[in-house]
Amino acid sequence: MVTTASGAAAAAEDDGADCPVSLPGSFPSSAKLPDPFKKIDGTRITSKSDWRCRREEIKKLAERTIYGQKPAKPASVTGTVSATNITVNVSENGRSASFSAGVRLPGGTGPFPAVFVVGGFGADTATIKASGAAVISYDPLAVGKEGTPRNNKQGAFYSIYGSSSSTGLLAAWAWGVSRIIDVIEQSGGSVLKAGALGVTGCSRYGKSAFAIGVLDQRIALTMPIESGTAGVPALRSIPTESGSQGLGNAYGEQPWFGDAFSAYTGNPAGLPVDTHELVGMVAPRGLFIMENPHIDWLGARSGSVAALAGAEVYQALGAGGNISYWSDVQDGTHCASRPEWRTPLQQNIQKFLLKTGTAAGTFRISAKKPGNLAEWRDWTTPVLTDGPGTTTTPTTPTTPAGDGCTAAV
Ligand code: MCU
């Protein structure tokens, strides 16, 4: 169980994969952000250990409505890790695909922690390496191409799961990183440390960095930069934020969202989840959200709404110090190199990857784009107990207490 204040990564990609979740055929509408602590059966969780299976509900809802399904580890994943390169070969159901990623090591002696840098721009790779972590350069476009119609998606993911898969690029890109982690785990750990992995990227690759951390609990530190619509910003808030990229616009620009999101582009109140719960899915692991308040298109106000609401999950789990949000920056350029983020970036790497630091997270919300959490929620944050929960799961009435959803913290 990972609901500890230390925020360590989990051993598994999806720690709650065994939780029983049955999704209803339709969802109640809510203009405000859904209560992250309220289960599909309508009861609220009472203990920290209940979060494991509540998180799984959120994951299934997010796959159903926002991302599309991210399949679990395929039957065969093989590959190699060297000081310069990682190769991945995947096969499933008679189909196979390969892709690779570049590695750059920092000075010193390994094995090293590492940060996946998605796409080639906007991430401060110099500070990452100077902090003592390796950089893994991940090209998501080899796993899921941009510029394709939704009925003819291309790339390694779609070679395996089919070009008409309804899974969007963000989940496909996240699947690619999960398979690289499988290879790192299998490599024996002489170059890179499997338990000390982070991810970052800017703009569309900030959306990607966020989805990667949300959908794989082996990521210890998630650092999306200026992610905009389909990234951190709350989907319900975006249509109320002037100048931000509309939901339908983002859905149409690239197949980032899953195909099922088309039902919600004009009706985000109908979504059974919102991005604050994706923030909650990262908890209690390290999360450092960076945003740019100078460009309206990037929806930084809606980003802070999601961060503030998601931080309530961190609080409830006793891990409030593991989330940071920073939009108070000078340079208005999209994906600029920013001096303001260097120290917190290094502190997050030290705390969650090197395990040498203990700096508490910070919220530095720009006065240009402040979100107002009170406007967006009608729920309060529970005081969760440390022990097993007191509620059972009505969908499995014959299952005794201690059914795996009530594991000790
Ligand atoms: C913020 O990410 C995107 C944005 O969603 C797009 O509308 C725009 O075309 O590109 C941004 C980006 O990826 O910039 C590099």
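In listed order, ligands and their atoms are each counted from 1.
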Query raised in the report: Will you find, in the side chains of Thr167 and Lys153, an N or O donor that is under 3.5 Å from an N or O acceptor?
Result: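 No, Lys153 and Thr167 have no side-chain donor paired with an acceptor closer than 3.5 Å.
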Query - Donor-acceptor side-chain pairing of Thr87 and Thr80 below 3.5 angstrom - result: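 The criterion, which ignores hydrogens and geometry beyond distance, is satisfied for Thr80 and Thr87.
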Query raised in the report: Given Phe27, which of Leu271, Ile40, Thr65 fulfils the side chain to side chain contact (heavy atoms under 4.5 Å, CB included) condition?
Result: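 Going through the options one by one, the only one that passes is Thr65.
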Note the single closest protein heavy atom to [atom], along with its residue, its atom name and the distance in Å.
atom: atom 4 (C) of ligand 1; result: Gln245 OE1, 3.5 Å
atom: atom 10 (O) of ligand 1; result: Arg204 NH2, 2.9 Å
atom: atom 14 (O) of ligand 1; result: Ser203 OG, 2.6 Å
atom: atom 7 (O) of ligand 1; result: Glu253 OE1, 2.6 Å

Query raised in the report: Is Arg150 positioned over the aromatic face of Tyr251, cation under 6.0 angstrom from the ring centre and no more than 45 degrees off axis?
Result: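 Yes, a cation-pi geometry holds between Arg150 and Tyr251.
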Requested in this report: Using the ring of Trp379 (Phe, Tyr or Trp, six-membered ring only), decide whether Lys38 places NZ or CZ under 6.0 Å from its centre and within 45 degrees of its axis.
Outcome: no
Query raised in the report: Are Gln254 and ligand 1 in contact, using a heavy-atom cut-off of under 4.0 Å?
Result: no
Report task. Begin with the C-alpha distance, continue with both residues' side-chain angles, and end with the deciding distance and a verdict on ring-ring contact (aromatic ring centres under 6.0 Å, His included) for Tyr161 and Trp175. Result -> CA-CA 11 Å; Tyr161 298 105; Trp175 174 92; 5.7 Å; yes
Query raised in the report: Taking Asp274 as the fixed residue, which of Arg236, Arg377, Lys32 is the one that meets the salt bridge (Lys or Arg N to Asp or Glu O under 4.0 Å) rule?
Result: Arg236
For ligand 1, which atoms, with element, lie under 4.0 Å from some heavy atom of [X]?
X: Phe121; answer: 15 (C)
X: Lys207; answer: 1 (C), 2 (O), 3 (C), 4 (C), 5 (O)
X: Trp297; answer: 4 (C), 6 (C), 7 (O)
X: Ser227; answer: 1 (C)
X: Leu298; answer: 1 (C)

Report task. Using a strict cut-off of less than 4.0 Å between a Lys/Arg side-chain nitrogen and an Asp/Glu carboxylate oxygen, indicate whether Glu226 and Arg338 qualify as a salt bridge. Result -> yes
Query raised in the report: ligand 1 and Glu226, any nitrogen or oxygen pair closer than 3.5 angstrom?
Result: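 No; every N/O pair is 3.5 Å or more apart.
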